[in-house]
Undergrad: 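Right, I'll just put the structure down here and ask away after.
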Amino acid sequence: MKIVVTGGTGFIGSHTVVELQEAGYEVVIVDNLVNSTIESLDGIEKITGIRPAFEKLDLTDKERTFDFFKSYQGIEAIIHFAALKAVGESVFKPLEYYSNNLNSLMNVLAAMKEFKVDSLVFSSSCTVYGQADTLPVTEKTPRKKAESPYGNTKAICEDILADYSRAEQQLKLIALRYFNPIGAHPTAHIGELPNGVPNNLIPYLTQTVAGIRSQLSVYGNDYNTPDGTAIRDYIDVVDLAKAHVVAIRRLIENKNKQNLEIFNIGTGGGVSVLQLVNTFEKATGKKVNHQIVGRRAGDIEKVWADTTLANKELGWKAEVSLEETLRNAWRWQEKLQK
Ligand code: NAD
Ligand code: WQD
């Protein structure tokens, strides 16, 4: 069964391609390599023994997107990862973010109608919840106004899916709201490749330990949390990848209960920045040079997922421990140094 994975050379996409291939699916990756490299294919091939088909394509180009769908017959489903994802950058380049993230989704949806592909899994984000009034957040927790243009693209994409699913009853759509994806494949053949100075905690931390950065700044210790640092739900990227495989299977087997379903994908538990630093040190035996600084603008205090729905409906739950995912992240960083 042929699955198209847009953004499949990226961080989460490449791990998902591995899991799909290991589950027996045939994968075609579409990516314009704006935030990933073709070497991801080598990593995927090393792990699975299969080099996935690859098409270099900018999904904002509707004509070329349609040509691609025309040339690949028998597509069963799509996983749409392709998007620009740097929160800070989106504040300075809002039009680029709206244009890329919205047009690529709309072109994929239009091509699905034209070429009669009904199933799609979409990458959404816990960012749509903002600072929720009650924790953990369930899928019914009201969304809050986005803090950034990037976050807003995810909320608008969810709205597009909701409207389109009402208009096109044959569609089967799943939006997965990822919490904070971290880690790397345990083989260290694939992982995260941040562009320039990382904004996210884990790549910044591992680059600090590797000596690329002098010190990790811990943004704020005056939050209303047990140790004062902010809390997130860090989900291992292989666990996250597996959630896509079960979502795809649910759609292909027509087990979905509505034509748009939304699931939280997290561990169900919150971890503070300092807890994470300490766990990294214990798991790897490496010291993390860090210093408390002021809060980062736009950060929320705490969020973690209620994953009951994904547990029950998808039969999925996170399995990789925080220690293991942090060891994998470090192994990947060491590999990048070589
Ligand atoms: P990534 O940047 O590693 O992967 C995204 C891929 O999409 C890249 O390979 C990029 O080259 C490609 N791409 C972007 N625009 C494209 C276009 N117009 N045409 C074709 N390819 C295009 O990011 P990731 O961390 O793997 O994220 C995957 C998805 O998950 C994104 O939609 C992101 O918004 C979402 N998400 C990520 C996180 C996170 O923290 N990493 C959290 C929640 C949601
Ligand atoms: C995690 C925690 C920081 C860096 C972002 C996006 C969100 C989603 C996931 C895509 C926070 C602290 C960080 C550092 C620190 N992405 N931190 N020092 O902000 O929770 O979420 O990625 O959808 O939309 O906003 O992730 O990894 O940047 O931060 O202390 O150098 O680590 O303050 O508490 P965040 P993050």
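We number each residue from 1, following the sequence as shown.
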Undergrad: Starting from Ile29, can I reach Ile78 by hopping between I/L/V/M/F/W/Y residues whose side chains sit under 4.5 Å apart?
TA: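 No, it is not one cluster - the side chains of Ile78 and Ile29 are not joined through contacts under 4.5 Å.
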Undergrad: Hey, could you give me the CD/CD distance between Gln215 and Gln291, rounded to the nearest 0.5 Å?
TA: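 One gets 4.5 Å once the value is rounded to the nearest 0.5 Å.
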Undergrad: Just wondering, do Val303 and Leu135 contact through their side chains at under 4.5 Å, heavy atoms?
TA: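 They are in side-chain contact.
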Undergrad: Between Thr206 and Trp330, what is the shortest heavy-atom contact and its length?
TA: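 Taking Thr206 first and Trp330 second, the nearest heavy atoms are O-CZ3, 3.5 Å.
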Undergrad: Ile3 versus Val121: any side-chain heavy-atom pair under 4.5 Å?
TA: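 The answer is no, as the side chains (C-beta and beyond) never meet within the 4.5 Å cut-off.
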Undergrad: Strictly distance-based, threshold 3.5 Å: is any side-chain N or O of Asn101 a donor or acceptor partner for the main-chain N or O of Leu84?
TA: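 The answer is yes, because a donor-acceptor pair under 3.5 Å joins these two groups.
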Undergrad: So, Thr325 versus Asp236: side-chain donor-acceptor pair below 3.5 Å or not?
TA: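 Judged by distance alone, the side chains do pair up.
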Undergrad: Can you find a pair of side-chain heavy atoms, one from Gln21 and one from Ile47, that are under 4.5 Å apart?
TA: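 Gln21 does not reach Ile47 side chain to side chain.
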Undergrad: Is the backbone N or O of Ser165 less than 3.5 Å from a side-chain atom of Asn259, with the two atoms forming a donor-acceptor pair by type?
TA: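 Side chain of Asn259 to backbone of Ser165, a donor-acceptor pair under 3.5 Å: yes, one is there.
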Undergrad: Got a second to check how far His290's NE2 is from Ile292's CD1, nearest 0.5 Å?
TA: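 Result: 6.0 Å between the selected atoms.
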Undergrad: Taking atom types as modelled, is there a side-chain donor on Asn152 or Tyr98 under 3.5 Å from an acceptor on the other?
TA: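 Looking only at side-chain atoms, Tyr98 and Asn152 do form a donor-acceptor pair, the distance falling under 3.5 Å.
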Undergrad: Among Tyr178, Trp304, Tyr129, which residue meets the side chain to side chain donor-acceptor pair (under 3.5 Å) test with Asn264?
TA: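 Checked Tyr178, Trp304, Tyr129 against Asn264; only one passes side chain to side chain donor-acceptor pair (under 3.5 Å): Tyr129.
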Undergrad: Does a donor on one side chain sit under 3.5 Å from an acceptor on the other, for Ser36 and Thr9?
TA: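 Indeed, the side chains of Ser36 and Thr9 share at least one donor-acceptor pair under 3.5 Å.
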Undergrad: Does any non-hydrogen side-chain atom of Ile265 lie less than 4.5 Å from one of Phe179?
TA: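 They are not in contact (no side-chain heavy atoms under 4.5 Å apart), so the answer is no.
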Undergrad: Under the side chain to side chain donor-acceptor pair (under 3.5 Å) rule, what do Asp233 and Thr267 come out as? Steps first, then yes or no, please.
TA: CA-CA 6 Å; Asp233 184 339; Thr267 66; 2.7 Å; yes
Undergrad: State plainly whether one hydrophobic cluster holds both Phe81 and Val87, where clusters connect Ile, Leu, Val, Met, Phe, Trp and Tyr through side-chain heavy atoms under 4.5 angstrom apart.
TA: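 The answer is no; the residues belong to distinct hydrophobic clusters.
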Undergrad: With a 3.5 Å distance limit and no angle check, can you tell me whether Ser119 reaches the backbone of Ala77 through a side-chain donor-acceptor pair?
TA: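 Such a contact is absent between Ser119 side chain and Ala77 backbone.
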Undergrad: Asp163 and Arg166: salt bridge (charged side-chain N to carboxylate O under 4.0 Å, His left out), yes or no, with the steps?
TA: CA-CA 5 Å; Asp163 290 341; Arg166 277 189 286 272; 2.8 Å; yes
Undergrad: Would you check if Asp118 and Leu251 make a side-chain contact, meaning some heavy-atom pair closer than 4.5 Å?
TA: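 The answer is no, as the side chains (C-beta and beyond) never meet within the 4.5 Å cut-off.
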Undergrad: Calculate, to the nearest 0.5 Å, the distance between atoms CG and CD belonging to Leu240 and Glu19 respectively.
TA: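 Atom-to-atom, Leu240:CG and Glu19:CD are 10.5 Å apart.
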Undergrad: Can you tell me if Asn107 and Thr65 form a side-chain donor-acceptor pair at under 3.5 Å?
TA: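 No - no donor-acceptor pair under 3.5 Å links their side chains.
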Undergrad: Can you list the steps and then say if Arg64 with Asp58 is a salt bridge (charged side-chain N to carboxylate O under 4.0 Å, His left out)?
TA: CA-CA 8 Å; Arg64 285 208 54 215; Asp58 184 340; over 6 Å; no
Undergrad: Under the ring-ring contact (aromatic ring centres under 6.0 Å, His included) definition, can you give me all pairs with a residue in residues 21-70, not counting sequence neighbours?
TA: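 Pairs touching residues 21-70 that pass the test: Phe66-Phe115, Phe68-Tyr72.
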Undergrad: Using side-chain heavy atoms (C-beta onward) and a distance below 4.5 Å, is Lys2 in contact with Val28?
TA: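 Yes - at least one pair of side-chain heavy atoms lies under 4.5 Å apart.
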Undergrad: To the nearest 0.5 angstrom, please state how far the CD1 atom of Ile44 sits from the CZ atom of Arg51.
TA: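 Ile44 CD1 to Arg51 CZ: 8.5 Å, rounded to 0.5 Å.
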Undergrad: Output the distance between atom CE (Met112) and atom CG (Leu171), rounded to the nearest 0.5 Å.
TA: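 Nearest 0.5 Å value for the CE-CG distance: 5.5 Å.
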Undergrad: Taking all non-hydrogen atoms of both residues, which atom of Arg331 and which atom of Pro186 are closest, and how far apart?
TA: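 Closest heavy-atom pair between Arg331 and Pro186: NH1-O, 3.1 Å.
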Undergrad: Could you tell me which non-hydrogen atom of Gly270 sits nearest to which non-hydrogen atom of Gln275, and how far apart they are?
TA: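 For Gly270 and Gln275, the tightest heavy-atom pair comes out as O-OE1, 4.3 Å.
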Undergrad: Output yes when a side-chain donor or acceptor of Lys154 lies under 3.5 Å from a complementary backbone atom of Ser123, and no otherwise.
TA: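 Yes, because the side chain of Lys154 sits within donor-acceptor range (under 3.5 Å) of the backbone of Ser123.
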Undergrad: Going through the distances and angles, do Tyr150 and Glu89 end up as a side chain to side chain donor-acceptor pair (under 3.5 Å)?
TA: CA-CA 9 Å; Tyr150 163 75; Glu89 185 185 60; over 6 Å; no
Undergrad: What closest approach, in Å, do Ser272 and Asp227 show between heavy atoms, and which atom pair accounts for it?
TA: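 It is OG-OD2, 2.6 Å.
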Undergrad: Is it the case that the side chain of Thr229 and the backbone of Leu274 share a donor-acceptor pair, with hydrogens and angles ignored and the cut-off at 3.5 Å?
TA: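 Yes: the side chain of Thr229 pairs with the backbone of Leu274.
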Undergrad: Among residues at least two apart in sequence or on other chains, which ones pass side chain to side chain donor-acceptor pair (under 3.5 Å) with Glu313?
TA: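 Per chain and number, Glu313 pairs via side chain to side chain donor-acceptor pair (under 3.5 Å) with Arg250, Lys257.
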Undergrad: Please confirm whether the backbone N or O of His15 pairs with a side-chain atom of His185, one donor and one acceptor, at under 3.5 Å?
TA: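 Checked: no pair found.
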Undergrad: Taking Asn224's backbone N and O only, do any of them form a donor-acceptor pair with Lys302's side chain (distance below 3.5 Å, no angle check)?
TA: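 Present.
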Undergrad: In Å and rounded to the nearest 0.5 Å, what is the CD to NZ distance from Gln333 to Lys286?
TA: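 So the gap between those two atoms works out to 12.0 Å.
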Undergrad: Does the Ser90 side chain pair with the main chain of Ser148, one donor and one acceptor, at a distance under 3.5 Å?
TA: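 The answer is no, because no donor-acceptor pair under 3.5 Å joins these two groups.
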Undergrad: Is any side-chain heavy atom of Arg177 closer than 4.5 Å to a side-chain heavy atom of Glu158?
TA: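 Arg177 vs Glu158: side chains touch.
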Undergrad: With side chains defined as the heavy atoms from C-beta onward, is the minimum distance between Thr208 and Tyr204 less than 4.5 Å?
TA: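 With C-beta onward as the side chain, the pair touches.
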Undergrad: What are the two closest non-hydrogen atoms of Trp332 and Ala184, and how far apart are they?
TA: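 Residues Trp332 and Ala184, closest heavy atoms: CB-CB, 3.6 Å.
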